K.L.:
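Pasting in a structure now, in C-alpha coordinates, and then I'll have a few things to ask.
Residue numbers start at 1 and run along the sequence shown. Just so you know, these numbers come straight off a predicted model, no measurement behind them.
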Amino acid sequence: MKKLLVFLLLILISACHSVKREDYYIFSFNNYTLSVGYDDVAFLELTFYLDRKDELEAQETVEDIDLYFFDMPFAKADICNYGKKTMSSEKAIVTRLKYYLDDFPMESYQIDGIPLSSSIRENCEVFHGEYVERNGKACLFGKKVDGKDNAVLLKGDMLNIDQDELESIEIYVK
(Lines give C-alpha, C1' and ligand atoms only; values in the text may rest on other atoms or scores of the structure.)
Protein backbone atom coordinates (compact mmCIF):
# COMPACT_ATOMS: atom_id res chain seq x y z
CA MET A 1 0.00 0.00 0.00
CA LYS A 2 2.84 2.37 0.89
CA LYS A 3 4.60 1.72 -2.41
CA LEU A 4 1.40 2.40 -4.34
CA LEU A 5 0.92 5.75 -2.59
CA VAL A 6 4.55 6.76 -3.24
CA PHE A 7 4.19 5.74 -6.89
CA LEU A 8 1.00 7.80 -7.28
CA LEU A 9 2.63 10.77 -5.56
CA LEU A 10 5.59 10.63 -7.96
CA ILE A 11 3.25 10.57 -10.95
CA LEU A 12 1.35 13.59 -9.62
CA ILE A 13 4.55 15.53 -8.97
CA SER A 14 5.95 14.81 -12.43
CA ALA A 15 2.64 15.76 -14.08
CA CYS A 16 2.56 19.09 -12.22
CA HIS A 17 6.13 19.93 -13.26
CA SER A 18 5.39 20.57 -16.93
CA VAL A 19 7.10 23.70 -18.21
CA LYS A 20 4.88 26.22 -19.99
CA ARG A 21 5.77 28.70 -22.71
CA GLU A 22 5.14 31.58 -20.31
CA ASP A 23 7.88 30.30 -17.98
CA TYR A 24 10.48 31.48 -20.54
CA TYR A 25 11.04 35.08 -21.63
CA ILE A 26 8.74 35.85 -24.53
CA PHE A 27 10.05 38.34 -27.07
CA SER A 28 7.33 40.21 -28.98
CA PHE A 29 7.66 42.47 -31.98
CA ASN A 30 4.60 44.01 -33.60
CA ASN A 31 2.08 41.12 -33.36
CA TYR A 32 4.58 38.23 -33.37
CA THR A 33 6.05 36.35 -30.41
CA LEU A 34 8.96 34.01 -29.86
CA SER A 35 9.81 32.07 -26.71
CA VAL A 36 13.48 31.06 -26.74
CA GLY A 37 13.89 27.76 -24.91
CA TYR A 38 10.35 26.60 -25.63
CA ASP A 39 9.50 27.21 -29.29
CA ASP A 40 10.76 24.79 -31.90
CA VAL A 41 11.79 25.25 -35.53
CA ALA A 42 8.31 24.31 -36.77
CA PHE A 43 6.94 27.26 -34.77
CA LEU A 44 9.68 29.55 -36.15
CA GLU A 45 8.73 28.60 -39.67
CA LEU A 46 5.21 29.94 -39.16
CA THR A 47 6.75 33.43 -39.23
CA PHE A 48 10.28 33.14 -40.59
CA TYR A 49 12.13 31.45 -43.38
CA LEU A 50 15.36 29.70 -42.37
CA ASP A 51 17.76 27.50 -44.25
CA ARG A 52 18.26 24.41 -42.09
CA LYS A 53 19.39 20.82 -42.17
CA ASP A 54 16.68 18.16 -42.39
CA GLU A 55 17.89 16.23 -39.33
CA LEU A 56 19.94 16.90 -36.22
CA GLU A 57 22.00 14.30 -34.42
CA ALA A 58 21.42 13.67 -30.71
CA GLN A 59 22.54 16.68 -28.63
CA GLU A 60 23.58 18.57 -31.81
CA THR A 61 23.48 22.37 -31.83
CA VAL A 62 23.45 24.52 -34.96
CA GLU A 63 24.49 28.13 -34.40
CA ASP A 64 23.95 31.42 -36.21
CA ILE A 65 21.12 30.38 -38.53
CA ASP A 66 19.84 33.37 -40.47
CA LEU A 67 16.13 34.09 -40.00
CA TYR A 68 14.31 35.90 -42.80
CA PHE A 69 11.11 37.87 -42.30
CA PHE A 70 9.34 38.67 -45.59
CA ASP A 71 12.53 37.80 -47.50
CA MET A 72 14.57 40.30 -45.46
CA PRO A 73 17.31 39.28 -42.99
CA PHE A 74 15.80 39.55 -39.52
CA ALA A 75 17.94 37.87 -36.85
CA LYS A 76 20.23 34.96 -36.05
CA ALA A 77 19.20 31.92 -34.04
CA ASP A 78 20.71 28.77 -32.55
CA ILE A 79 18.76 25.51 -32.42
CA CYS A 80 19.42 22.32 -30.45
CA ASN A 81 18.24 18.73 -30.44
CA TYR A 82 18.08 17.94 -26.72
CA GLY A 83 17.00 14.39 -27.48
CA LYS A 84 19.01 11.17 -27.35
CA LYS A 85 18.23 10.23 -30.95
CA THR A 86 18.53 11.80 -34.39
CA MET A 87 15.36 13.73 -35.19
CA SER A 88 13.83 16.10 -37.69
CA SER A 89 15.19 19.61 -37.26
CA GLU A 90 11.56 20.83 -37.15
CA LYS A 91 11.46 19.55 -33.56
CA ALA A 92 14.72 21.26 -32.52
CA ILE A 93 14.33 23.92 -29.84
CA VAL A 94 15.41 27.54 -30.36
CA THR A 95 18.16 28.16 -27.79
CA ARG A 96 19.31 31.65 -28.78
CA LEU A 97 17.97 34.65 -30.69
CA LYS A 98 20.13 37.64 -31.59
CA TYR A 99 18.28 40.60 -33.08
CA TYR A 100 19.70 43.98 -34.14
CA LEU A 101 17.07 46.72 -34.07
CA ASP A 102 18.61 48.61 -37.01
CA ASP A 103 18.53 45.56 -39.31
CA PHE A 104 14.75 45.28 -39.32
CA PRO A 105 13.02 48.05 -37.34
CA MET A 106 9.60 47.28 -35.89
CA GLU A 107 6.93 49.48 -34.31
CA SER A 108 7.27 47.94 -30.87
CA TYR A 109 9.34 45.45 -28.88
CA GLN A 110 8.30 43.72 -25.68
CA ILE A 111 9.63 41.13 -23.31
CA ASP A 112 6.94 39.29 -21.36
CA GLY A 113 4.42 41.92 -22.48
CA ILE A 114 6.46 44.80 -21.07
CA PRO A 115 7.36 47.40 -23.74
CA LEU A 116 11.08 48.11 -24.17
CA SER A 117 12.25 51.69 -24.21
CA SER A 118 15.15 52.94 -26.31
CA SER A 119 17.21 53.40 -23.11
CA ILE A 120 19.15 50.42 -21.80
CA ARG A 121 19.28 51.96 -18.31
CA GLU A 122 15.48 52.39 -18.18
CA ASN A 123 14.91 48.80 -19.35
CA CYS A 124 17.38 47.57 -16.76
CA GLU A 125 15.45 49.31 -13.98
CA VAL A 126 12.14 47.86 -15.18
CA PHE A 127 13.49 44.29 -15.36
CA HIS A 128 15.74 44.62 -12.27
CA GLY A 129 18.76 43.67 -14.33
CA GLU A 130 22.47 44.25 -13.95
CA TYR A 131 23.56 47.44 -15.75
CA VAL A 132 27.08 47.11 -17.15
CA GLU A 133 29.26 49.96 -18.45
CA ARG A 134 32.31 48.19 -19.91
CA ASN A 135 33.13 48.56 -23.61
CA GLY A 136 29.67 49.98 -24.16
CA LYS A 137 26.49 49.76 -22.13
CA ALA A 138 24.44 46.64 -21.55
CA CYS A 139 21.81 45.14 -19.26
CA LEU A 140 21.62 41.49 -18.27
CA PHE A 141 18.72 39.83 -16.50
CA GLY A 142 17.58 36.27 -16.26
CA LYS A 143 15.89 33.44 -14.43
CA LYS A 144 16.09 29.67 -14.05
CA VAL A 145 13.60 27.60 -16.03
CA ASP A 146 13.60 23.82 -15.77
CA GLY A 147 17.19 23.80 -14.49
CA LYS A 148 18.51 26.05 -17.30
CA ASP A 149 19.47 29.72 -17.35
CA ASN A 150 17.09 31.85 -19.42
CA ALA A 151 18.75 35.23 -19.93
CA VAL A 152 18.22 38.45 -21.84
CA LEU A 153 21.06 40.76 -22.85
CA LEU A 154 20.17 44.26 -24.02
CA LYS A 155 23.13 46.03 -25.61
CA GLY A 156 23.99 49.43 -26.98
CA ASP A 157 26.41 50.32 -29.75
CA MET A 158 29.75 51.35 -28.24
CA LEU A 159 30.50 53.43 -31.37
CA ASN A 160 27.24 55.39 -31.09
CA ILE A 161 27.29 58.86 -29.53
CA ASP A 162 24.46 57.73 -27.23
CA GLN A 163 25.77 54.38 -25.97
CA ASP A 164 22.67 53.96 -23.79
CA GLU A 165 20.48 53.60 -26.88
CA LEU A 166 19.21 50.04 -27.32
CA GLU A 167 20.89 48.46 -30.36
CA SER A 168 20.50 44.69 -29.97
CA ILE A 169 18.56 42.09 -28.03
CA GLU A 170 19.94 38.63 -27.30
CA ILE A 171 17.88 35.97 -25.56
CA TYR A 172 19.31 32.56 -24.77
CA VAL A 173 18.83 29.38 -22.77
CA LYS A 174 21.80 27.30 -21.56
K.L.:
Heavy-atom distance under 4.5 Å between the side chains of Arg21 and Thr33, does that happen here?
P.N.:
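A side-chain contact exists here, since the closest heavy-atom pair is under 4.5 Å.
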K.L.:
If you draw a 6.0 Å radius around CD in Glu22, do more than 12 non-hydrogen atoms from other residues or ligands fall strictly inside?
P.N.:
yes
K.L.:
Provide the closest heavy-atom pair for Gly37 versus Val173 in the form atom of the first, atom of the second, distance.
P.N.:
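Closest pair (atom of Gly37, atom of Val173, distance): CA-CG2, 3.6 Å.
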K.L.:
Establish whether Tyr172 and Leu34 are linked, either directly or via other cluster members, by ILVMFWY side-chain heavy-atom contacts under 4.5 Å.
P.N.:
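In one cluster: no.
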K.L.:
Do you know the tightest heavy-atom contact between Gly129 and Cys139?
P.N.:
CA-SG, 4.0 Å
K.L.:
Could you tell me whether the side chain of Ile26 reaches within less than 4.5 Å of the side chain of Ser28, counting heavy atoms only?
P.N.:
yes
K.L.:
Is there a donor-acceptor pair closer than 3.5 Å between any side-chain N or O of Asn81 and the backbone N or O of Leu56?
P.N.:
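Side chain of Asn81 to backbone of Leu56: a pair is present.
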K.L.:
Side chains of Asp164 and Tyr131 only: does a donor on one sit below 3.5 Å from an acceptor on the other?
P.N.:
yes
K.L.:
Taking atom CG as the centre, does Asn135 end up with more than 12 heavy-atom neighbours from other residues, nucleotides or ligands that are less than 6.0 angstrom away?
P.N.:
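Not more than 12 within 6.0 Å, no.
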K.L.:
With a 6.0 Å cut-off on ring centres, are Phe141 and Phe127 close enough?
P.N.:
yes
K.L.:
Dump the intermediate steps for salt bridge (charged side-chain N to carboxylate O under 4.0 Å, His left out) on Lys76 and Glu63, then the final yes or no.
P.N.:
CA-CA 8 Å; Lys76 292 201 178 278; Glu63 298 178 343; over 6 Å; no
K.L.:
Please report the shortest heavy-atom distance between Thr61 and Cys80, naming the atom on each side.
P.N.:
OG1-SG, 3.4 Å
K.L.:
Report yes if the side chains of Val94 and Arg96 come closer than 4.5 Å at any heavy-atom pair, otherwise no.
P.N.:
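A side-chain contact is absent here, since even the closest heavy-atom pair is not under 4.5 Å.
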K.L.:
Which distance, rounded to the nearest 0.5 Å, do you find between the CD of Glu125 and the CZ of Arg121?
P.N.:
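Going from CD on Glu125 over to CZ on Arg121, the span is 7.0 Å.
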K.L.:
Go through the structure and list residues passing side-chain hydrogen bond (donor to acceptor under 3.5 Å, both in side chains) with Asn150, not counting sequence neighbours.
P.N.:
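Per chain and number, Asn150 pairs via side-chain hydrogen bond (donor to acceptor under 3.5 Å, both in side chains) with no residue.
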K.L.:
Roughly how far, to the nearest 0.5 Å, is the CD atom of Glu165 from the CG atom of Leu101?
P.N.:
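Taking CG in Leu101 and CD in Glu165, the distance rounds to 8.5 Å.
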K.L.:
Under 3.5 Å, side chain of Asp23 to main-chain N/O of Val19, donor-acceptor pair present?
P.N.:
no
K.L.:
Say whether Arg52 and Ser89, considering side chains only, have a donor N or O and an acceptor N or O under 3.5 Å apart.
P.N.:
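On atom types as modelled, these side chains qualify, holding a pair under 3.5 Å.
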K.L.:
Is Lys174 atom NZ crowded by more than 12 heavy atoms from other residues, nucleotides or ligands, each under 6.0 Å away?
P.N.:
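Result for NZ/Lys174: open.
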K.L.:
Is there a side-chain contact between Lys137 and Lys155 in this structure, where contact means two heavy atoms from C-beta onward sitting under 4.5 Å apart?
P.N.:
no
K.L.:
Establish, yes or no, whether the cationic atom of Lys143 lies under 6.0 Å from the six-membered ring centre of Tyr25 and within 45° of the ring axis.
P.N.:
yes
K.L.:
For residues Cys124 and Leu154, determine if any side-chain heavy atom of one lies less than 4.5 Å from a side-chain heavy atom of the other.
P.N.:
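Result no, sub-4.5 Å side-chain heavy-atom pair not found.
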K.L.:
Heavy atoms only: give me the nearest Ile120-Ala138 pair and the separation to one decimal.
P.N.:
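That would be CG2-C, 3.7 Å.
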K.L.:
Roughly how far, to the nearest 0.5 Å, is CG of Leu166 from CD of Glu122?
P.N.:
11.0 Å
K.L.:
If only atom types and distance count, is the side chain of Gln59 paired as donor or acceptor with the main-chain N or O of Tyr82 below 3.5 Å?
P.N.:
yes
K.L.:
Scan Tyr49, Phe27, Tyr99, Tyr32 and name whichever one has a ring-ring contact (aromatic ring centres under 6.0 Å, His included) with Phe74.
P.N.:
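Filter result, single survivor: Tyr99.
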K.L.:
So how far is it from Asp78 CG to Lys98 NZ, rounded to the nearest 0.5 Å?
P.N.:
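Going from the CG atom of Asp78 to the NZ atom of Lys98 covers 10.5 Å.
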K.L.:
So which heavy atom on Ile111 is nearest to which on Val152, and how close?
P.N.:
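The answer is CD1-CG1, 3.6 Å.
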K.L.:
Check whether Tyr100 and Leu153 end up in the same hydrophobic cluster, where Ile, Leu, Val, Met, Phe, Trp and Tyr are linked by side-chain heavy atoms less than 4.5 Å apart.
P.N.:
no
K.L.:
Using the rule that two of Ile, Leu, Val, Met, Phe, Trp, Tyr join whenever any of their side-chain heavy atoms come within less than 4.5 Å, decide whether Leu140 and Ile169 are in one cluster.
P.N.:
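No, separate clusters.
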K.L.:
Would a 4.5 Å heavy-atom cut-off, applied to side chains only, mark Ile79 and Thr95 as touching?
P.N.:
no
K.L.:
Taking atom types as modelled, find out whether Thr86 and Glu55 have a side-chain donor-acceptor pair closer than 3.5 angstrom.
P.N.:
no
K.L.:
Under 3.5 Å, side chain of Asn123 to main-chain N/O of Leu116, donor-acceptor pair present?
P.N.:
no
K.L.:
Do you reckon Val145 sits in the same ILVMFWY cluster as Leu97, going by side-chain contacts under 4.5 Å, direct or chained?
P.N.:
yes
K.L.:
Please check if Ile65 and Tyr38 belong to a single hydrophobic cluster, counting links between Ile, Leu, Val, Met, Phe, Trp and Tyr side chain heavy atoms closer than 4.5 Å.
P.N.:
yes
K.L.:
For residues Gln110 and Pro115, report the shortest heavy-atom separation together with the two atoms involved.
P.N.:
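Closest pair (atom of Gln110, atom of Pro115, distance): CG-CA, 3.7 Å.
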K.L.:
So, Asp40 side chain and Ile93 main chain: donor-acceptor pair closer than 3.5 Å or not?
P.N.:
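Checking the backbone N and O of Ile93 against the side chain of Asp40, no donor-acceptor pair under 3.5 Å is found.
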